[in-house]
Amino acid sequence: MAASGINVICVHPGMTRTEKTLGVLRRQAESLGVAAEEVERRWARLNLIGRLVTAEEVADVVAFLASPKSVAINGDAIAVGGGTPGAIHY
């Protein structure tokens, strides 16, 4: 598609805080017998920024990729997971 001026990019968001996150946290906390805050702390340790990425931060990356400034990015996978250590398997 590049020859037609169309970039194709995969955005892999990783652990992202959305409107459903609180419910998922509560269900997992209940099944583990811990507080939801403890589950969130555990999840936060899974990336280098030490917190969940927000949906707005993912949207910022997508907005950049949809802009003319991203012309050099094509056929790539972009991880937006806060710096997940190790390999990311798709």
Side-chain angles (χ1 to χ4, degrees):
M1 304 296 299
S4 300
I6 300 171
N7 291 5
V8 178
I9 303 156
C10 170
V11 176
H12 177 61
M15 289 290 250
T16 305
R17 178 180 296 285
T18 69
E19 64 279 353
K20 293 186 178 186
T21 302
L22 185 57
V24 174
L25 282 168
R26 287 179 177 160
R27 284 190 297 279
Q28 186 169 8
E30 185 177 319
S31 72
L32 295 173
V34 299
E37 295 79 13
E38 175 58 25
V39 173
E40 185 164 358
R41 278 191 291 277
R42 292 176 187 183
W43 287 0
R45 289 192 299 255
L46 298 175
N47 68 35
L48 300 175
I49 64 173
R51 63 173 178 77
L52 298 182
V53 172
T54 68
E56 292 79 11
E57 290 167 329
V58 175
D60 289 342
V61 172
V62 171
F64 165 74
L65 293 170
S67 78
K69 293 184 176 192
S70 71
V71 67
I73 303 171
N74 200 347
D76 294 303
I78 307 294
V80 187
T84 304
I88 296 175
H89 301 280
Y90 297 99

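Start at 1 with the first residue, then count along the sequence.
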Are any of the side-chain heavy atoms of L48 and T84 separated by less than 4.5 Å?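 No - every pair of side-chain heavy atoms lies 4.5 Å or more apart.
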Output, in order, the C-alpha distance, side-chain angles, deciding distance and verdict of side-chain contact (heavy atoms from CB on, under 4.5 Å) for T21 and M15. CA-CA 10 Å; T21 302; M15 289 290 250; over 6 Å; no
Could you pull out the closest heavy-atom pair between I73 and I9, with the gap in Å?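 Closest approach of I73 to I9: O-CD1, 3.5 Å.
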What heavy-atom pair brings N47 and I49 nearest, and what distance separates the two atoms?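 For N47 versus I49, the nearest heavy atoms are OD1-N, 3.1 Å.
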Suppose we screen for salt bridge (charged side-chain N to carboxylate O under 4.0 Å, His left out). Which residues come up paired with R26, at least two apart in sequence or across chains?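 Counting only residues at least two positions away or on another chain, R26 forms no salt bridge (charged side-chain N to carboxylate O under 4.0 Å, His left out).
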Is the backbone of G75 close enough, under 3.5 Å, to the side chain of N7 for a donor and an acceptor to pair up by distance?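 No.
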CD (E38) with more than 12 external heavy atoms under 6.0 Å: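 For E38, atom CD is crowded (more than 12 foreign heavy atoms under 6.0 Å).
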Do any side-chain atoms of residues 56-65 form donor-acceptor pairs under 3.5 angstrom with protein atoms, and if so which ones, sequence neighbours left out?
residue	atom	partner	partner atom	Å
E57	OE1	R51	NH1	3.2
E57	OE1	T54	N	2.8
E57	OE1	T54	OG1	3.3
E57	OE2	R51	NH2	2.7

Calculate, to the nearest 0.5 Å, the distance between atoms CZ and CG belonging to R27 and L32 respectively.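 Here the rounded value is 13.0 Å.
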Between E37 and R41, does the salt bridge (charged side-chain N to carboxylate O under 4.0 Å, His left out) criterion hold? Intermediate values first, please. CA-CA 6 Å; E37 295 79 13; R41 278 191 291 277; over 6 Å; no
Say whether V53 and L46 are linked into one hydrophobic cluster, either directly or through other cluster members, by side-chain heavy-atom distances under 4.5 angstrom.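 Each belongs to a different hydrophobic cluster.
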Under the side-chain contact (heavy atoms from CB on, under 4.5 Å) rule, what do V80 and V11 come out as? Steps first, then yes or no, please. CA-CA 7 Å; V80 187; V11 176; 3.8 Å; yes
